[in-house]
Amino acid sequence: MVTRFAPSPTGYLHIGGARTALFNYLFARHHGGKYLVRIEDTDRKRSTPQAIEAIHDGLEWLGLLGDDKPTYQFERAARHVEVANALLESGNAYRCYLTSEELQARREKAQAEKRPFRINSEWRDRTPGAEQDGQPFVVRLKTPSEGETVIEDAVQGRVAVKNEEIDDFILLRSDGTPTYMLAVVVDDHDMGVTHVIRGDDHLNNAFRQLPLIRAMGWPEPTYAHVPLIHGADGAKLSKRHGALGVDAYRDEMGLLPEALFNYLLRLGWGHGDAEIISREEATEWFDLAGVGKSPARFDTKKLLNLNGHYIREADDARLVELVAPKLMLDDEAGRALLLKAMPELKARAQDLNQLAESAHFLFVTRPLTMSEKAASLLDDEARPLLARAYAALAAAERWDLESVDAAIRTVAEEAEVKLGKLAQPLRAALTGSNTSPGIFDVLVLLGRDEALARIADQSGAKE
RNA sequence: GGCCCCUUCGUCUAGCGGUCUAGGACGCUGCCCUUUCACGGCAGAAACACGGGUUCGAGUCCCGUAGGGGUCACCA
């Protein structure tokens, strides 16, 4: 059992491609088979090394690299031509001398007359004469013209198309280079691919590829055409709503790979009520029967919710490594402080950016700039309370959770105010914000000197 | 337009003829917890596109309608 993910390197690894890769990977793993990656770079004009790099990075980040080194389709061009020639020799393909201009003219004429257009090359049954000598030609496959072709698709079910709908598509261009349609079939065969799992935009292609496979007498793969992912508005996913490269999800959105993995898996596939699914469970449960036939819409909120879950589950040291660059933290002391604060910080972040932002207060230098809401907390009523808190904290013998807790609660009690009345201004003074981890945690994290200084800045208390 | 595919809460889905007064999750609303924000807990609003069949019985099968999507290159 062999599956493959075959992206064309004309851009980044987009979200739909990532899901296709995931399904191929999971299906192979589930059945103990092999999962391969093939770069479809036969379009030399549009394929770039940067795109290949981006795809590789994206797959690596998601843990979806192929089991072997990737195959590059362009390098196999000679083999593709060889197969085309074999087809020519066996009479399953023919040289067509129709030029693209002629074809274009026929297409337009058909359109003007509102007739469906089909390529109907007279060269299918015509032997080239002397005048064709040296003239450019393409090689076309002789597809069957009667009856129908049926595909038992593992996702779509039984799909039948009349053979008259299937045109004699091009195998070799007039410059002698192989087309995608030829290349996929040859490569899939040579790589031993048994299950072709891909976007359902390829379903129509399957009806062309099958006659080619049959002409060669090769074993037919099982097809599984997975519905495309749509944007939140139901339209095709475009750059505007989520068709970003996975690198953007990582770098800009601040996602963890396991969150995207889980989200993509649940998009179009379900396993009972399971929502949080580990890689191991996914491997154990994944099947093509569970893949829905209708396109799914991309939902950023749910993705973020999942990401929050995985952040809370993530190892603190790992999160420090991911967040430190966003804070431009390069010293050990800073990292140590971040690590110490991480259990409190990660409890309230949905993405790595929020996580970095929430840590910001730890590293700013006095005097703090107050957010609007923080500033409004520091009113005339609050300042004297802060001064009292300052005194109580300064007098504390030790500086740990227990003692600062006791000190602050005592101040609130003596001043006959609710704890919140004191905690909120304190939070503002200490963090410059109205939201933060628990106030006692903040005091301890900042340390005695820094904490007292920040309180003094806002209360007018003298050190 | 031709061909092909799809249609359960706003979204992702469970459902594979009776157990569905349709379940879960995200989101939303309310309450609880609480020093803030989150987390967590509890409660709630919210769907079988429509119309015909088949059947004792249909969200589940069939047909049509509407809506959505895909594809029609010497791109992949």
Peer 1: Please report the distance separating the C1' of B/A14 from the corresponding atom of B/C32, rounded so that it comes out in whole Å.
Peer 2: 30 Å
Peer 1: What is the nucleic acid contact for A/Thr99, judged by heavy atoms within less than 4.0 Å: base, sugar-phosphate only, or nothing?
Peer 2: base
Peer 1: So does A/Ser436 get a side-chain nitrogen or oxygen closer than 4.0 Å to the phosphate oxygens (OP1/OP2) of B/U36?
Peer 2: no
Peer 1: Indicate, with yes or no, if the rings of A/Phe169 and A/Phe207 have centres closer together than 6.0 Å.
Peer 2: no
Peer 1: Under 4.5 Å between any side-chain heavy atoms of A/Arg76 and A/Asp190, yes or no?
Peer 2: yes
Peer 1: Ring centres of A/Phe23 and A/Phe286 under 6.0 Å apart?
Peer 2: yes
Peer 1: How long is the line joining CZ of A/Phe298 and C1' of B/G10, in whole Å?
Peer 2: 17 Å
Peer 1: Taking the P atom of each, how far is B/A66 from B/G10, in whole Å?
Peer 2: 23 Å
Peer 1: For A/Ile276, which contact category applies under a 4.0 Å heavy-atom criterion: base, sugar-phosphate, or nothing?
Peer 2: nothing
Peer 1: Under 3.5 Å, which N/O atoms of the protein pair with N/O atoms of nucleotides 41-45 of chain B?
Peer 2:
none

Peer 1: Go through the N and O atoms of the side chain of A/Arg46 and the base of B/C75, and report whether any donor-acceptor pair is under 3.5 Å.
Peer 2: yes
Peer 1: Closer to the 5' end of RNA chain B via nearest nucleotide, is it A/Arg427 or A/Lys45?
Peer 2: A/Arg427
Peer 1: Between A/Arg427 and A/Thr431, does any side-chain donor sit less than 3.5 Å from a side-chain acceptor?
Peer 2: no
Peer 1: Identify whether any heavy atom of A/Arg107 sits under 4.0 Å from a base atom; if not, whether one sits that close to sugar-phosphate; answer base, sugar-phosphate or nothing.
Peer 2: sugar-phosphate
Peer 1: Please confirm whether any donor atom in the side chain of A/Asn205 sits under 3.5 Å from an acceptor in the base of B/A76, or the reverse.
Peer 2: yes
Peer 1: Enumerate the residues from residues 162-170 of chain A whose closest heavy atom to RNA chain B is under 4.0 Å, giving them by residue number; use none for an empty result.
Peer 2: A/Glu165, A/Ile170
Peer 1: Classify the nucleic acid contact of A/Gly268 as base, sugar-phosphate or nothing, counting any heavy atom under 4.0 Å across all strands shown.
Peer 2: sugar-phosphate
Peer 1: Output one line per pair: protein atom, nucleotide atom from nucleotides 20-23 of chain B, and distance, for all N/O pairs under 3.5 Å.
Peer 2:
residue : atom : partner  : partner atom : Å
B/G23   : N2   : A/Asp273 : OD1          : 3.3

Peer 1: What about the rings of A/Trp123 and A/Tyr97, do their centers lie closer together than 6.0 Å?
Peer 2: yes
Peer 1: Please report the distance, rounded to the nearest Å, between NE2 in A/His230 and P in B/G10.
Peer 2: 19 Å
Peer 1: When the distance from OH of A/Tyr180 to P of B/C72 is rounded to whole Å, what number comes out?
Peer 2: 11 Å
Peer 1: Let me know the distance between NZ of A/Lys301 and P of B/C26, rounded to the nearest Å.
Peer 2: 13 Å
Peer 1: Ignoring hydrogens and angles, does a donor from either the side chain of A/Arg348 or the base of B/C39 sit under 3.5 Å from an acceptor on the other?
Peer 2: no
Peer 1: Looking for any heavy atom pair under 4.0 Å, which part of the strands does A/His202 touch: base, sugar-phosphate only, or nothing?
Peer 2: base
Peer 1: With heavy atoms under 4.0 Å as the rule, sort A/Pro437 into base, sugar-phosphate or nothing.
Peer 2: base
Peer 1: Taking everything shown except A/Gln135 itself, do over 12 heavy atoms lie less than 6.0 Å from its CD?
Peer 2: yes
Peer 1: Return yes if some donor-acceptor pair links the side-chain N/O of A/Ser47 with the main-chain N/O of A/Arg44 below 3.5 Å, else return no.
Peer 2: no
Peer 1: Using a 4.0 Å heavy-atom cut-off, does A/Leu98 contact any base of the nucleic acid, only the sugar-phosphate backbone, or nothing at all?
Peer 2: base
Peer 1: Please tell me whether A/Ser145 and A/Asn163 have a donor and an acceptor in their side chains that are separated by less than 3.5 angstrom.
Peer 2: no
Peer 1: Could you measure between the two C1' atoms, the one in B/C61 and the one in B/G40, and give it in whole Å?
Peer 2: 45 Å
Peer 1: Atom pairs, N/O to N/O, protein against nucleotides 5-9 of chain B, distance under 3.5 Å?
Peer 2:
residue : atom : partner  : partner atom : Å
B/C5    : O2'  : A/Gln156 : OE1          : 3.1
B/C6    : OP1  : A/Lys293 : NZ           : 2.4

Peer 1: Between A/Asn92 and A/Arg214, is any pair of side-chain heavy atoms under 4.5 Å apart?
Peer 2: no
Peer 1: By side-chain contact (heavy atoms from CB on, under 4.5 Å), which residues pair with A/Glu414, not counting sequence neighbours?
Peer 2: A/Arg388, A/Thr410
Peer 1: Expressed in angstrom and rounded to an integer, what is the separation of A/Asp187 atom CG from B/A76 atom C1'?
Peer 2: 13 Å
Peer 1: Where along residues 258-267 of chain A does a heavy atom come under 4.0 Å from RNA chain B, residue by residue in number order?
Peer 2: A/Arg266, A/Leu267
Peer 1: Atom CG of A/Asn305 and atom P of B/A38: how far apart are they, to the nearest Å?
Peer 2: 13 Å
Peer 1: Between the base of B/C74 and the side chain of A/Ser174, is one N or O donor paired with an acceptor at under 3.5 angstrom?
Peer 2: yes
Peer 1: Sticking with atom P, work out how far B/A45 lies from B/C6, rounded to a whole angstrom.
Peer 2: 34 Å
Peer 1: Whole angstrom is fine here: how far is it from CG in A/Asp201 over to P in B/A73?
Peer 2: 15 Å
Peer 1: Distance between the P atoms of B/U65 and B/G1, in whole angstroms?
Peer 2: 13 Å
Peer 1: Considering only the C1' atoms, how many Å lie between B/U8 and B/C4, rounded to the nearest integer?
Peer 2: 24 Å
Peer 1: Using a cut-off of strictly less than 4.0 Å, decide whether A/Arg173 has a side-chain nitrogen or oxygen near OP1 or OP2 of B/A76.
Peer 2: yes
Peer 1: Hey, what's the ring geometry for A/His271 with A/Trp285, parallel, tilted or perpendicular (30° and 60° as the breaks)?
Peer 2: parallel
Peer 1: Please report the distance, rounded to the nearest Å, between CG in A/Asp299 and P in B/A25.
Peer 2: 15 Å
Peer 1: Please compare A/Ala274 and A/Asn434 by the position of their nearest nucleotide in RNA chain B and report the one closer to 5'.
Peer 2: A/Ala274
Peer 1: In whole angstrom, give me the gap between the P atoms of B/C39 and B/C28.
Peer 2: 10 Å
